[in-house]
Structure formats: C-alpha cells, structure tokens
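Read the structure below first, then the notes.
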Amino acid sequence: MMACHFLRALFRIQQTSTSSSSSGRSRRIRRAAYASMAYSAGTRRAWSRALLRKLRSRARLRFPRRLSRAATPQRRDMDQAQVLRKLVPGGPSMDDCKLLEETADYIRCLTTQVRLMQTVMDSISS
Amino acid sequence: MSGRDRRITDEEINELVSKLQSLLPESRRRNIGRNKREIREAAVAIKIMSGRDRRITDEEINELVSKLQSLLPESRRRNIGRASASKLLKETCSYIKSLHREVDGLSDRLSGLMATMDSNSPQADIIRSLLRS
C-alpha cells in the first residue's frame with residue numbers, strides 16, 4: 001500500500017540523514033514519493049513499469065519540468081501529445097491510445113500521492 | 001512513436017477521454033468545456049491523428065481545427081480558441097506538471113520539517129503511529 005511504503009521510507013530517511021544537506025534529504029523524499037507510486041501500481045501499468053526501471057537503474061528521476069520559454073511558440077495538436085509523452089513515464093513508447101489510458105492512471109496515482117504527502121505534512125506540523 | 005496499428009473503437013476512445021477528463025479538477029475542466037460533443041470530436045481528432053504518419057501537414061491541422069470549431073455550438077465557440085483535442089491535451093499536460101511541482105514542493109517542506117525532528121520528538125511519534133494504523 002502506498003502509504004505504508006512512503007511512511008517507512010520517510011522514517012528511514014529521517015533516521016539516516018541527520019547530517020546530510022536539506023536538499024539531499026528533499027531529493028530522497030521525492031524519490032520515495034515516486035517509488036511509492038510505482039510500487040502501488042506495480043507491474044500492472046506501463047508507466048509504473050517504466051518508473052520502476054528508472055528507479056532500479058538508480059538514474060536521476062527527472063521529468064522535464066521546465067520547457068524553455070524561449071523555444072515555445074504556439075503549439076499545434078501533434079506537439080501536445082509529444083509534450084504529454086515526455087511527462088508520463090514510459091510515454092515515448094506508447095501510441096496515442098495507450099498514452100491516454102496510462103495518463104489517466106498516472107494522474108490518479110499522482111493525486112493520491114500528493115494528498116498523502118499533504119496529510120503527512122499536516123500531521124507532523126500540528 | 002511505435003505506431004502500433006491497432007483498431008480502436010469509438011467507444012474505447014470516448015471512454016478514455018472521459019476518464020481523463022474526469023480526473024481533471026473542476027477548474028481545469030471548465031477550460032475545456034463540458035459539452036460531450038466537443039469531447040467526442042476531440043476524441044475523433046485524436047483517433048485520426050493516431051492513425052496517421054507523424055508528419056501531419058499544416059493543411060490537415062487547419063482542416064481539423066475548422067471542422068472541430070464548426071461543430072461547436074455558437075455559445076461555446078467563444079470559449080475555445082483552438083481545437084478541443086489540443087486544449088484537452090494541453091490542460092492535461094499543464095495539470096501533470098503542476099502535480100510534479102507539488103511533489104517537489106512537498107518534498108522540500110517535508111525535508112525542512114524533518115530537519116527539526118529528532119527520534120524522540122513528538123513528530124517522530126506521529127509518524128510511528130501513522131505507520132501502525
């Protein structure tokens with residue numbers, strides 16, 4: 001279950017990183033967040049499989065967060081699908097139909113994870 | 001793009017698009033329009049595009065755009081500057097990006113909060129109790 005995995009990871013991070021930098025800890029938390037998402041969906045989904053592969057290869061978890069403003073004129077229909085492909089893990093190898101399906105599931109998972117993190121934040125800071 | 005030549009039915013496309021649409025928060029859904037027909041046309045547009053070679057011409061795009069716009073009722077045409085398919089995808093991309101940013105932001109804040117914790121603090125107890133529940 002997503003919450004269990006994430007909380008345990010948080011606990012581990014807290015125990016083992018008392019001397020490390022705040023940004024290092026933040027990166028580990030972020031990684032734990034995406035890991036929890038991937039584990040909760042398991043191998044059922046293409047996006048979660050792609051994410052698991054990325055995590056296991058210890059690659060830097062990167063989704064293109066900032067498209068350079070300079071290079072963005074009016075985007076056409078085709079380009080938006082490409083943009084979406086870059087945002088959803090495993091996107092580049094999906095056809096448009098699969099992309100929509102995976103996107104829907106990915107969004108569901110993302111929102112759950114965000115809500116979980118907010119809940120943890122609220123519990124800790126109260 | 002792997003361009004798998006799979007025949008997808010209209011129903012499947014409609015289902016996918018409404019599923020996707022239903023996941024957008026209300027405020028973003030408004031940007032697209034709740035008109036089912038618009039969405040259907042967006043789905044058709046996506047279906048057409050997915051059946052094609054990636055190199056879609058400007059003419060085809062313009063044709064698609066005018067076709068979509070002509071199908072919108074007058075009242076909605078005002079709200080939509082461009083094709084519905086494009087809007088739907090754009091809103092989705094924008095939403096996913098904002099969710100990614102939220103994960104980043106929450107990670108930063110959690111990291112900050114954890115810096116003030118030690119294993120004996122009440123916050124650590126909260127996490128432990130959350131784990132147990």
Side-chain angles (χ1 to χ4, degrees), chain A residues 3-4 7-8 10-11 13-15 17-18 22-34 63-65 74-88 92-101 103-104 106-108 110-111 113-114 117-121 123-126, chain B residues 1-6 8 12-13 16-17 19-20 22-25 45-47 49-51 54-56 58 61 64-65 82-83 85-90 92-93 95-97 99-104 106-115 117-119 123-124 126-131:
Chain A
C4 266
L7 289 171
R8 278 199 215 106
L10 272 187
F11 204 62
I13 293 172
Q14 199 250 329
Q15 302 284 32
S17 67
T18 38
S22 175
S23 65
R25 195 166 41 234
S26 169
R27 267 199 302 273
R28 289 178 68 186
I29 295 177
R30 181 174 175 267
R31 200 181 176 84
Y34 285 108
F63 309 107
R65 284 183 254 162
Q74 193 76 284
R75 286 195 175 266
R76 300 183 303 168
D77 298 346
M78 250 346 222
D79 292 338
Q80 283 305 314
Q82 280 304 101
V83 173
L84 187 57
R85 272 201 189 81
K86 290 196 193 133
L87 290 170
V88 176
S93 62
M94 296 177 198
D95 59 37
D96 288 352
C97 163
K98 183 118 175 116
L99 180 64
L100 285 184
E101 202 179 308
T103 302
Y106 183 57
I107 288 182
R108 232 189 311 255
L110 261 177
T111 48
Q113 180 65 37
V114 165
M117 290 171 87
Q118 275 163 348
T119 307
V120 174
M121 274 245 16
S123 316
I124 294 184
S125 45
S126 62
Chain B
M1 185 169 67
S2 62
R4 246 159 285 162
D5 201 3
R6 183 188 158 232
I8 182 173
E12 283 177 298
I13 290 264
L16 290 175
V17 174
K19 222 200 284 185
L20 187 56
S22 69
L23 286 168
L24 296 178
I46 292 174
K47 180 179 180 179
M49 284 189 283
S50 64
R54 268 172 113 196
R55 258 173 280 285
I56 188 167
D58 277 352
I61 296 229
L64 215 49
V65 170
R82 298 180 299 166
S86 173
K87 272 246 163 181
L88 175 62
L89 289 176
K90 193 167 182 236
T92 308
C93 289
Y95 186 42
I96 292 183
K97 278 186 226 168
L99 286 171
H100 283 168
R101 279 197 297 271
E102 272 201 83
V103 172
D104 292 347
L106 284 163
S107 302
D108 288 339
R109 285 155 72 198
L110 275 170
S111 169
L113 275 178
M114 281 169 69
M117 284 166 62
D118 58 58
S119 29
Q123 290 105 336
I126 292 173
I127 292 199
R128 272 193 219 106
S129 69
L130 281 169
L131 272 170

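Labels below follow one simple rule: chain letters A, B, ... track the order of the sequence lines, proteins then strands, and each chain is numbered from 1. Side-chain atoms are counted along with the backbone in the values below, which use heavy atoms only and exclude waters and symmetry mates.
Closest approach of A/Val83 to B/Cys93, counting heavy atoms only: CG1-SG, 3.7 Å. Minimum heavy-atom separation, A/Met121 to B/Leu106: CG-CD2, 3.9 Å. Shortest non-hydrogen contact noted between A/Leu10 and B/Met114 is O-CE, 3.4 Å.
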Inset, instruction - In sequence, state the C-alpha distance, the side-chain angles, and the governing distance for B/Arg109 and A/Met117, and then conclude on side-chain contact (heavy atoms from CB on, under 4.5 Å). - result: CA-CA 10 Å; B/Arg109 285 155 72 198; A/Met117 290 171 87; over 6 Å; no
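Atom CG of B/Leu110 is separated from atom CZ of A/Arg28 by 13.5 Å, given to the nearest 0.5 angstrom. Here A/Thr111 contributes atom OG1 and B/Leu99 contributes atom CG; the two are 6.5 Å apart, rounded to the nearest 0.5 Å.
Contact of the A/Leu110 side chain with the B/His100 side chain is registered, since non-hydrogen atoms from C-beta on lie closer than 4.5 Å.
Checking each of A/Arg31, A/Arg30, A/Arg27 against B/Ser107 for a side chain to side chain contact (heavy atoms under 4.5 Å, CB included) leaves exactly one that passes, namely A/Arg30.
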